[in-house]
Amino acid sequence: MNEHTRWRDHKWRLLPAAPRSPAMNMALDVVLTDGIASGECPPTLRFWGWDRSCVILGRFQSVQNEIDAENAAAAEVSLVRRITGGGAMFQQPTGAITYSLTAPESLVAGMTFSESYAFLDAWVVNGLRAMGVDASYVPLNDISSSTGKIGGAAQARRNGAVLHHTMVACELDTELMAKVLRIGREKLSDKGITSAAKRVSPLRQQTDLPRDEIVRRLTAPFATQCDLRDEPLHEDEIARAEALAAAQFASDAWTYLLP
């Protein structure tokens with residue numbers, strides 16, 4: 001099947017970013033993915049908005065191994081765990097651009113996982129290049145440049161639905177990130193590297209465009225490949241997400257599922 005045909009086979013909903021709690025952002029991913037599986041939700045491109053700084057742990061990561069809890073608490077950085085695997089993501093309200101794609105698994109049918117990552121993030125890579133950003137896909141799940149990693153993606157598949165979400169660094173406080181995340185500190189110390197900036201290359205290093213303008217320019221190539229229209233969350237979607245956020249994603253039992 002032609003890649004363009006895959007996108008155009010569906011009518012897509014665009015959910016612009018709105019400030020939400022970390023737990024609510026995690027819960028919305030689940031609600032929208034399950035809505036795809038049940039046929040109640042349309043394929044959706046959702047940009048995440050934040051009401052606070054946080055670290056998003058991968059499904060199988062240990063808080064103790066990944067987080068300096070004392071530094072995180074002192075800096076008022078919240079902890080939350082997502083349902084997808086992969087590494088921890090340091091997120092500030094205006095520090096990164098994060099989005100989710102929720103769609104029927106038929107969108108990536110016949111693709112290997114590596115092929116599906118490249119396919120689902122190609123519009124972002126193309127959009128960044130159009131802005132003059134040195135961007136490329138690096139298997140399995142990174143968007144990178146010659147100066148470092150720009151972003152990373154994670155995926156989950158359940159009941160015939162695919163969830164794909166990606167964070168693109170825009171203007172991060174890398175000094176705080178290095179204090180909060182235990183990102184191989186011994187290894188970094190051995191090399192005399194004291195800043196996480198050596199590993200991450202935020203967009204601010206390559207463009208002076210405001211964050212909202214970057215989002216607008218990224219959305220444009222997505223809209224050219226499919227039928228995309230603004231449509232707000234339904235009241236029942238919000239209600240289900242709020243209940244799930246309180247019961248699961250805001251709970252210590254889930255956040256500290258692994259020590």
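The figures that follow rest on heavy atoms only: side chains count, while hydrogens, waters and symmetry mates do not. Fair warning: this is a prediction, and the values are worked out from it, not measured in the lab.
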Visitor: Kindly state each residue pair satisfying side-chain hydrogen bond (donor to acceptor under 3.5 Å, both in side chains) with at least one member in residues 32-45, sequence neighbours excluded.
Guide: R13-T44, D34-R158
Visitor: Are L209 and F47 linked, directly or through other ILVMFWY residues, by side chains that come within less than 4.5 angstrom of each other?
Guide: yes
Visitor: Let me confirm one number: the CD-SG distance from Q92 to C170, rounded to the nearest 0.5 Å.
Guide: 11.0 Å
Visitor: Quick check for you: to the nearest 0.5 Å, what is the distance between R81 atom CZ and D252 atom CG?
Guide: 11.5 Å
Visitor: So among E115, Q155, R157, which one has a side-chain contact (heavy atoms from CB on, under 4.5 Å) with V108?
Guide: R157
Visitor: Would you say that R6 contacts M111 through its side chain, given a criterion of any heavy-atom pair below 4.5 Å between the two side chains?
Guide: yes
Visitor: Got a second to check how far N126's CG is from R129's CZ, nearest 0.5 Å?
Guide: 6.0 Å
Visitor: List for me each residue that meets side chain to side chain donor-acceptor pair (under 3.5 Å) alongside D212, sequence neighbours excluded, and say none if there are none.
Guide: none
Visitor: Do you see a donor-acceptor pair shorter than 3.5 Å between the side chains of D227 and H10?
Guide: no
Visitor: Where do L107 and W7 land on the side chain to side chain contact (heavy atoms under 4.5 Å, CB included) test, with the steps shown first?
Guide: CA-CA 7 Å; L107 181 66; W7 290 111; 4.0 Å; yes
Visitor: Please state whether the rings of F113 and Y117 are parallel, tilted or perpendicular, taking 30° and 60° as the class boundaries.
Guide: tilted
Visitor: Check A96 against M167 and note the closest heavy-atom contact, atom names and distance.
Guide: CB-CG, 3.7 Å
Visitor: So, for A154 and R82, which heavy atoms are closest and what is the spacing to 0.1 Å?
Guide: CB-NE, 4.2 Å
Visitor: Test your reading of the model: is there a side-chain donor-acceptor pair from E242 to the backbone of A239, 3.5 Å cut-off?
Guide: no
Visitor: Are H165 and T84 close enough that a side-chain donor and a side-chain acceptor fall under 3.5 Å?
Guide: yes
Visitor: Donor-acceptor pairs are to be reported for all side-chain atoms of residues 17-28 against protein atoms at under 3.5 Å, with residues two or more places apart or in another chain.
Guide:
unit_1: S21; atom_1: OG; unit_2: M24; atom_2: N; d: 3.1
unit_1: N25; atom_1: OD1; unit_2: R46; atom_2: NH1; d: 2.8
unit_1: N25; atom_1: ND2; unit_2: G49; atom_2: O; d: 2.8

Visitor: Under the ring pair (Phe, Tyr, Trp, His ring centres under 6.0 Å) rule, what pairs show up with a residue in residues 233-259, not counting sequence neighbours?
Guide: F249-W254
Visitor: Between atom CG of L15 and atom CG of L32, what is the distance when rounded to the nearest 0.5 Å?
Guide: 6.5 Å
Visitor: Looking at S201 and Q206, what are the two nearest heavy atoms and their distance?
Guide: OG-NE2, 4.2 Å
Visitor: Calculate, to the nearest 0.5 Å, the distance between atoms CG and OG belonging to D142 and S145 respectively.
Guide: 11.0 Å
Visitor: Could you grab the distance from atom CZ of R182 to atom CD1 of I67, nearest 0.5 Å is fine?
Guide: 8.5 Å
Visitor: Are H164 and T102 packed together at the side-chain level, in the sense that at least one heavy-atom pair is separated by less than 4.5 angstrom?
Guide: no
Visitor: I need the minimum non-hydrogen distance between R204 and P210, along with the two atoms involved.
Guide: NH2-CA, 4.5 Å
Visitor: Taking side chain to side chain donor-acceptor pair (under 3.5 Å) as the definition, give me every residue that meets it alongside N65, ordered by chain and number, with sequence neighbours left out.
Guide: none
Visitor: Any donor-acceptor pair under 3.5 Å linking the side-chain atoms of T112 with those of S114?
Guide: no
Visitor: Any non-hydrogen side-chain atom of L101 less than 4.5 Å from a side-chain atom of W12?
Guide: yes
Visitor: With a 4.5 Å cut-off on side-chain heavy atoms, are E171 and R211 touching?
Guide: no
Visitor: Any side-chain heavy atom of I150 sitting closer than 4.5 Å to one from L203?
Guide: yes
Visitor: Within a strict 4.5 Å, meaning less than it, do heavy atoms of the V55 and V80 side chains meet?
Guide: no
Visitor: Are M131 and I143 grouped together when hydrophobic residues (ILVMFWY) are joined by side-chain heavy atoms under 4.5 angstrom apart?
Guide: yes
Visitor: Are the side chains of E237 and C41 in touch, meaning some heavy atoms are under 4.5 Å apart?
Guide: yes
Visitor: Under a single-linkage definition using a 4.5 Å side-chain heavy-atom cutoff for Ile, Leu, Val, Met, Phe, Trp and Tyr, are L14 and I36 assigned to the same hydrophobic cluster?
Guide: no
Visitor: Quiz question: by atom type and distance under 3.5 Å, do the side chains of Q91 and T98 form a donor-acceptor pair?
Guide: yes
Visitor: Please output the side-chain donor-acceptor pairs of residues 216-225 that fall under 3.5 Å, not counting sequence neighbours, one pair per line with the distance.
Guide:
unit_1: R216; atom_1: NE; unit_2: E213; atom_2: OE1; d: 3.1
unit_1: R216; atom_1: NE; unit_2: E213; atom_2: OE2; d: 3.3
unit_1: R216; atom_1: NH2; unit_2: E213; atom_2: OE2; d: 2.8
unit_1: R217; atom_1: NE; unit_2: E213; atom_2: OE2; d: 2.8
unit_1: T219; atom_1: OG1; unit_2: V215; atom_2: O; d: 2.8
unit_1: T224; atom_1: OG1; unit_2: P221; atom_2: O; d: 2.7

Visitor: Report the C-alpha distance between T166 and V124 in whole Å, list the side-chain angles of each, state the deciding distance to 0.1 Å, and finish with yes or no for side chain to side chain contact (heavy atoms under 4.5 Å, CB included).
Guide: CA-CA 10 Å; T166 302; V124 173; 6.0 Å; no
Visitor: When you look at L57 and V63, which way does the side chain to side chain contact (heavy atoms under 4.5 Å, CB included) test go after all the steps?
Guide: CA-CA 8 Å; L57 290 162; V63 172; 3.5 Å; yes
Visitor: Are L233 and L163 linked, directly or through other ILVMFWY residues, by side chains that come within less than 4.5 angstrom of each other?
Guide: no
Visitor: Might you point out which heavy atoms bring D134 and S146 nearest each other, and give the distance in Å?
Guide: OD2-OG, 2.6 Å
Visitor: Output yes when a side-chain donor or acceptor of N71 lies under 3.5 Å from a complementary backbone atom of K179, and no otherwise.
Guide: yes
Visitor: For the residue pair M177 and V200, what are the closest heavy atoms and their distance?
Guide: CE-CG2, 3.8 Å
Visitor: Taking side chain as C-beta onward, heavy atoms only, is S78 less than 4.5 Å from R52?
Guide: yes
Visitor: Would Y99 end up clustered with V125 when hydrophobic side chains under 4.5 Å apart are linked, directly or stepwise?
Guide: yes
